[in-house]
Amino acid sequence: MKKSIVQSFQNRLLAWYENNARDLPWRTTRDPYLIWVSEIMLQQTRVETVLPYYKRWIKIFPTLESLAEASEDQVLSLWEGLGYYSRARNLHLASKIILEKYGGILPGDSKSLKMLPGIGRYTAGAVASIAFDENTPIIDGNIRRLFTRFFNISTPLQTSETENHLWELAREYLLQGMAGEFNQALMELGALICLPKNPTCEKCPLDMDCLANQLNLQGSRPVRKVKAPLPHLQVTAAVFQEGNAVFLAKRPPDGLLGGLWEFPGGKQEKNESLPQTLRREIQEELHVPITVGEPIGVFNHAYTHYKVTLHAFFCKLNSHDFQLLFHTEFTWAPLDNLPKFPMGKLDRMISRTLLP
């Protein structure tokens, strides 16, 4: 009985996928490198957002070798705006490792793939199953939502109990010999039909057997832990301009916005004025006194775990005898060249206000 239920699930899902799968560029290739790039870009990012980035990427870096030979600034510039920049840095680093260790050929099994930077359990399974036909399951956000509804899982996401249960189900229901197609079908059904809000259950090939649908619990599955409100930080940035050039500093490779260029500054502390924040932050980062001048603008952005309001000011370095205590490099960038320096969204907003 159980076997027939699983086969019915597989057959109906694949029949739906054959008729409804979107025409996406990474589905028209068997090149493991291009499939890997697409999977990294699609992590925590919508397909519609990824498409133009993917097309530009494969035009500039059509092969793994071309990526490995590129500079970090070239890679980050092409990634700018896509967010989660560690993905780009890890792609770049992994391409160098693959070139040196595997002769430029992406390893064809999930175990070896997981040894590379930026490739976890999901990405390894996706690349191995889609590019190399390995019989390995995957769980992503779309599949989590689909499974928690289909099986009416009432335990919250982000717990080991739920996560282990989901991976067990993925292994049990995986279609052997067609793992890549099956995994893509699961993700596609989650993306197009089993939506986070207002799922179109009447169009779902699995609706008759979906327990949440039968119990009218689609809106309360998956169960999530209650999130605390996002902190809202007040941040400052100093723009040092001399003639037609401005001072930029490169962030360390690890951590938030690693390897990107920025206007130095930092977070306001309790009972500080914004100019006091800037003077303290620049002292901590460059060990040099400054004069805070006119405001440039106020810029807002939301990250995954907090929101930021950034206050930018024209400032003057009172000495050029500074030290890089936080950043790895600095440069005086001509205003015309600012678009060539990879930056986070807030610093890019500042740079655009400076352009003639």
Side-chain angles (χ1 to χ4, degrees), residues 10 13 17 21-22 24 26-27 29-47 49-50 53-54 57 79 82-95 97-98 106-151 153 155-176 178-192 194-196 222 224-225 304:
Q10 296 167 338
L13 176 66
Y17 182 67
R22 287 170 291 182
L24 301 174
W26 46 85
R27 289 182 178 158
T29 180
R30 293 286 293 174
D31 185 336
Y33 163 69
L34 299 180
I35 292 170
W36 169 43
V37 168
S38 73
E39 287 298 334
I40 297 296
M41 287 187 170
L42 288 164
Q43 291 173 1
Q44 298 178 284
T45 310
R46 293 174 62 85
V47 166
T49 303
V50 166
Y53 282 90
Y54 177 81
W57 185 280
W79 197 274
L82 199 54
Y84 302 100
Y85 290 90
S86 62
R87 296 181 295 172
R89 296 195 305 274
N90 284 329
L91 259 174
H92 191 211
L93 177 58
S95 70
I97 294 172
I98 294 166
L106 201 69
D109 63 280
S110 56
K111 184 177 179 180
S112 298
L113 287 167
K114 280 191 286 189
M115 302 298 291
L116 294 168
I119 298 184
R121 187 178 185 181
Y122 159 76
T123 303
V127 174
S129 64
I130 297 169
F132 300 108
D133 300 316
E134 181 178 287
N135 288 314
T136 186
I138 60 169
I139 290 288
D140 75 338
N142 286 315
I143 299 175
R144 284 186 181 91
R145 187 168 60 253
L146 192 158
F147 277 4
T148 56
R149 286 173 174 164
F150 186 84
F151 298 102
I153 297 173
T155 54
L157 293 182
Q158 297 132 345
T159 63
S160 57
E161 177 187 358
T162 302
E163 192 70 2
N164 291 336
H165 187 192
L166 291 170
W167 280 96
E168 288 171 8
L169 290 168
R171 279 192 294 271
E172 183 180 354
Y173 277 71
L174 182 69
L175 181 56
Q176 301 292 316
M178 293 187 64
E181 192 84 353
F182 181 79
N183 285 337
Q184 291 181 86
L186 282 174
M187 291 188 286
E188 194 78 336
L189 188 64
L192 299 183
C194 199
L195 303 169
R224 300 181 184 276
K225 291 182 177 180
T304 304

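Since the structure is predicted, the reported quantities are computational estimates derived from the model, not experimental observations.
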Query raised in the report: If only atom types and distance count, is the side chain of Q158 paired as donor or acceptor with the main-chain N or O of R224 below 3.5 Å?
Result: no
Query raised in the report: Any donor and acceptor pair, going by atom type alone, linking the side chain of T162 with main-chain N or O of T159 inside 3.5 Å?
Result: no
If you round to the nearest 0.5 Å, how far is [atom2] of [Y] from [atom1] of [X]?
X	Y	atom1	atom2	result
L175	E181	CG	CD	9.5 Å
F150	L13	CZ	CG	10.0 Å
H165	T148	NE2	OG1	11.0 Å
N142	F147	CG	CZ	11.5 Å
Q43	S38	CD	OG	10.0 Å
Y54	L24	OH	CG	10.0 Å

Query - salt bridge (Lys or Arg N to Asp or Glu O under 4.0 Å) contacts in which one or both residues fall within residues 128-138, not counting sequence neighbours - result: R30-D133
Report task. Sort and list the pairs that fulfil salt bridge (Lys or Arg N to Asp or Glu O under 4.0 Å) and have at least one residue in residues 140-151, not counting sequence neighbours. Result -> R144-E163
Query - Audit row: Y122, I139, side-chain contact (heavy atoms from CB on, under 4.5 Å) steps and yes/no - result: CA-CA 6 Å; Y122 159 76; I139 290 288; 6.0 Å; no
Query raised in the report: Taking atom types as modelled and ignoring hydrogens, do the side chains of Y33 and S95 form a donor-acceptor contact shorter than 3.5 angstrom?
Result: no
Query raised in the report: So with a 6.0 Å cut-off around CD of E161, is the heavy-atom count from everything else above 12?
Result: no
Report task. Tell me, yes or no, whether the heavy-atom count around R46 atom CZ, taken from other residues, nucleotides or ligands under 6.0 Å, exceeds 12. Result -> no
Report yes if some heavy atom in the side chain of [X] is under 4.5 Å from a heavy atom in the side chain of [Y]; otherwise report no.
X	Y	result
R87	W79	yes
N90	I40	no
L116	I98	yes
I130	W26	no
L106	I35	no
L166	F151	no

Report summary line: Sorted by chain and number, sequence neighbours left out, side-chain hydrogen bond (donor to acceptor under 3.5 Å, both in side chains) with Y17 holds for R27
**Report entry** Check against side-chain contact (heavy atoms from CB on, under 4.5 Å), W57 and M41
**Finding:** CA-CA 10 Å; W57 185 280; M41 287 187 170; 3.7 Å; yes
Requested in this report: Please determine which of N183, T136, L186, I138 meets the side-chain contact (heavy atoms from CB on, under 4.5 Å) test together with L174.
Outcome: N183
Query raised in the report: How close do W167 and P137 get, heavy atom to heavy atom, and via which atoms?
Result: CZ3-O, 3.4 Å
Requested in this report: Show your reasoning for whether side-chain contact (heavy atoms from CB on, under 4.5 Å) applies to I143 and M187.
Outcome: CA-CA 6 Å; I143 299 175; M187 291 188 286; 3.8 Å; yes
